[in-house]
2 protein chains.
Amino acid sequence: MSNGHEIAMAIRRAYLSMHRQADAILAPYGVTANQYVILALLAERDQVPQRDLVERAASDPNTIRPVLMTLERKGLVTRKRDPNDGRARCVGLSKKGRRVFEQLQRDSQPFRDRLMAALDPEDAGSFAQYLLQVQTAITQRSSVTTSVTSFSGSSSEDKQ
Amino acid sequence: MSNGHEIAMAIRRAYLSMHRQADAILAPYGVTANQYVILALLAERDQVPQRDLVERAASDPNTIRPVLMTLERKGLVTRKRDPNDGRARCVGLSKKGRRVFEQLQRDSQPFRDRLMAALDPEDAGSFAQYLLQVQTAITQRSSVTTSVTSFSGSSSEDKQ
DNA sequence: TTTCGGTATTACGTCTACGTACTAAATGCA
DNA sequence: TGCATTTAGTACGTAGACGTAATACCGAAA
């Protein structure tokens with residue numbers, strides 16, 4: 001009984017629960033889960049444009065920017081201008097940023113261990129693969145533009 | 001190479017992509033993905049307290065409330081007081097709400113079909129099962145309360 | 001080189017997501 | 001019965017997520 005709706009709801013519940021828990025674990029350090037994600041991406045590869053982080057996080061420029069600005073204000077991240085491209089930023093981890101991230105990573109390891117404990121080790125790979133396939137399949141551009149009526153209005157008809 | 005971090009990131013990317021796409025598909029109807037989720041839960045079982053929706057969505061009372069108020073303003077949802085419990089609300093779908101949900105459900109079916117097409121049908125069940133196990137494992141209450149120093153401040157040390 | 005489409009970022013507004021704190025009602029139990 | 005504890009919902013504040021639109025800049029074609 002796993003139709004599309006059930007799968008979607010399961011992804012949603014898993015993500016929300018995970019995100020909430022991660023936020024709680026990181027809160028004592030004054031860092032949010034989203035900020036941690038950005039730090040992790042930068043620790044993996046930095047001196048990149050914001051666009052690169054947007055892609056790697058499957059996120060959005062408008063979401064990434066304020067997070068980066070917060071991290072910059074905390075002194076964890078640098079956002080230099082790219083000398084080779086006047087439009088772009090060159091985002092990097094500061095020394096402090098790297099040090100902080102490494103501690104966060106250490107201290108949050110039990111969290112990831114708990115996550116992994118929920119999975120059969122030999123299935124973790126295909127589980128991740130499925131998640132990627134879902135992401136890819138869903139991200140397809142649908143060009144169907146049927147005209148519909150919006151329900152946004154607070155019409156008074158049909159009270160019950 | 002699927003460690004805890006990779007799994008977490010994969011869940012995150014899948015969810016964000018899915019949510020964004022769902023929002024785009026529902027936007028012409030003036031309904032958000034979150035609102036759709038609530039409508040779907042109510043279509044499945046309504047005349048329930050808000051708490052019930054919070055649990056079924058693995059969400060939070062503070063998140064559910066404004067969504068319900070928006071849906072109520074649109075005339076899709078009713079929030080009567082529970083006569084048997086002065087604290088509780090009794091949330092239900094209005095006739096219009098049910099009708100609207102049924103149309104949204106129909107028109108968004110291609111979206112869920114695309115999602116399912118990414119999965120081997122015989123693995124969909126275990127995929128959903130894994131998502132649930134992740135959610136359950138992660139939701140455990142951790143009682144470790146180590147004292148840590150917050151990095152929140154914008155200290156000027158360690159500039160790079 | 002000039003123009004023009006594509007690109008990186010930013011500005012702004014709306015809708016979550018959720019912690020903390022508070023109220024009031026319900027409930028357990030002495 | 002009387003009060004402490006739990007529970008449903010709410011108020012408020014911060015941080016995200018993302019659409020739309022604007023700006024500056026890049027690169028390629030004419």
Side-chain angles (χ1 to χ4, degrees), chain A residues 12-38 48-74 79-91 139 141 150 152, chain B residues 12-38 48-55 57-74 79-91 139 150 152:
Chain A
R12 179 186 167 90
R13 284 189 292 258
Y15 171 74
L16 290 176
S17 301
M18 178 180 77
H19 188 260
R20 186 160 40 229
Q21 193 65 29
D23 256 345
I25 287 169
L26 295 170
Y29 301 87
V31 172
T32 67
N34 300 302
Q35 290 163 17
Y36 178 89
V37 165
I38 299 296
V48 294
Q50 297 184 180
R51 198 209 74 251
D52 180 79
L53 296 171
V54 167
E55 287 168 8
R56 286 196 277 156
S59 185
D60 172 284
N62 298 309
T63 302
I64 293 291
R65 195 182 85 101
V67 178
L68 285 175
M69 294 187 71
T70 300
L71 291 173
E72 184 180 34
R73 187 174 45 71
K74 294 187 191 204
R79 287 168 75 234
K80 300 171 300 201
R81 292 233 157 258
D82 183 339
N84 301 322
D85 188 338
R87 299 165 299 179
R89 297 278 190 169
C90 184
V91 185
T139 308
R141 46 280 154 233
S150 170
S152 300
Chain B
R12 180 186 166 92
R13 284 188 291 259
Y15 171 72
L16 290 176
S17 302
M18 179 181 77
H19 189 259
R20 186 160 42 229
Q21 194 65 30
D23 256 344
I25 287 169
L26 295 170
Y29 302 87
V31 172
T32 68
N34 300 303
Q35 290 163 16
Y36 178 89
V37 165
I38 300 296
V48 294
Q50 297 184 180
R51 199 211 72 249
D52 179 79
L53 297 171
V54 167
E55 286 168 8
S59 186
D60 173 283
N62 298 308
T63 302
I64 293 290
R65 196 183 84 101
V67 178
L68 285 175
M69 293 188 72
T70 300
L71 290 172
E72 184 180 34
R73 189 174 44 71
K74 294 187 192 206
R79 287 169 74 234
K80 299 171 299 201
R81 292 234 158 256
D82 183 338
N84 301 321
D85 188 338
R87 300 165 300 179
R89 297 276 190 169
C90 184
V91 184
T139 308
S150 169
S152 301

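Every chain is numbered from 1 and lettered A, B, ... according to where its sequence line falls, protein lines coming before strand lines. What you are looking at is a predicted structure, and each value in this text was computed from that prediction instead of being measured.
- Rounded to an integer number of Å, the gap from CG of B:Leu16 to C1' of C:dT16 is 12 Å.
- Distance CG (A:Asp52) to C1' (C:dT9): 15 Å, rounded to an integer number of Å.
- Comparing D:dA8, D:dT10, D:dG16 by their nearest atom to the side chain of A:Asn34 picks out D:dG16.
- Residue B:Leu71 contributes atom CG, which lies 11 Å from atom P of C:dC15 at whole-angstrom precision.
- Remark on DNA chain C: of its neighbouring residues A:Met69 and A:His19, the 5'-side contact belongs to A:Met69, judged by nearest-heavy-atom nucleotide.
- Of the residues A:Arg51, A:Arg65, A:Arg79, A:Lys80, the one that meets the side chain to side chain contact (heavy atoms under 4.5 Å, CB included) test with A:Arg89 is A:Arg79.
- For the pair B:Thr32 and C:dT14, the criterion of a side-chain N or O lying under 4.0 Å from OP1 or OP2 is not met.
- Across D:dG9, C:dA8, D:dC18, the shortest atom-to-atom separation from the side chain of A:Asp60 is found for D:dC18.
- For the pair B:Asn34 and B:Thr63, the minimum side-chain heavy-atom distance is 4.5 Å or more.
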With side chain to side chain contact (heavy atoms under 4.5 Å, CB included) as the test, would you mind laying out the steps for B:Arg20 and B:Asp23 before giving the verdict? CA-CA 5 Å; B:Arg20 186 160 42 229; B:Asp23 256 344; 5.7 Å; no
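- When the C1' atom of C:dT16 is taken as reference, atom CZ of B:Arg20 falls 15 Å away, rounded to whole Å.
- A:Gln50 places its CD atom 16 Å from the P atom of D:dC25, with the value rounded to the nearest Å.
- Remark: side-chain polar atoms of A:Lys74 are not paired, donor with acceptor, to backbone N or O of A:Met69 under 3.5 angstrom.
- Within the 4.5 Å cutoff, the side chain of B:Val91 has no heavy atoms near those of the B:Ile38 side chain.
- OP1 or OP2 of D:dA17 lies within a sub-4.0 Å distance of a side-chain N or O belonging to A:Tyr15.
- Taking atom CG of residue B:Leu53 and atom C1' of nucleotide D:dA8, one finds them 13 Å apart after rounding to whole Å.
- Among the protein residues, B:Pro61 comes within range of the nucleic acid bases, having at least one heavy atom under 4.0 Å from a base atom.
- Summarising the geometry, the separation between CG on A:Asp82 and C1' on D:dC26 is reported as 11 Å, rounded to the nearest angstrom.
- Closest to the side chain of B:Arg12, from the set D:dA17, C:dC18, D:dG19, is D:dA17.
- The side chain of A:Thr70 contributes no N or O atom lying less than 4.0 Å from OP1 or OP2 of D:dA15.
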Assess the residue pair A:Leu68 and A:Leu53 against the criterion (side chain to side chain contact (heavy atoms under 4.5 Å, CB included)); give the C-alpha distance rounded to whole Å, side-chain angles, the decisive distance to 0.1 Å, and a yes or no. CA-CA 10 Å; A:Leu68 285 175; A:Leu53 296 171; 4.0 Å; yes
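- Counting heavy atoms from C-beta outward, A:Val48 and A:Arg56 have side chains that approach closer than 4.5 Å.
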List every contact pair, protein side and nucleotides 26-29 of chain C side both N or O, where the distance is under 3.5 Å.
{"unit_1": "C:dA26", "atom_1": "OP1", "unit_2": "B:Gly86", "atom_2": "N", "d": "2.8"}

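- Distance, B:Leu68 CG to C:dC15 P: 15 Å, rounded to whole Å.
- A heavy-atom distance below 4.5 Å is found between the side chains of B:Met18 and B:Tyr15.
- Contact between the side-chain N/O atoms of A:Arg65 and the OP1/OP2 oxygens of C:dT9 is not found at any separation under 4.0 Å.
- Within the 4.0 Å cut-off from OP1 or OP2 of C:dT10, at least one side-chain nitrogen or oxygen of A:Arg79 is found.
- In the interface, the side chain of A:Asn62 is paired with the base of D:dT20 through a donor and an acceptor atom under 3.5 Å apart.
- Within the 4.0 Å cut-off from OP1 or OP2 of D:dT10, at least one side-chain nitrogen or oxygen of B:Arg89 is found.
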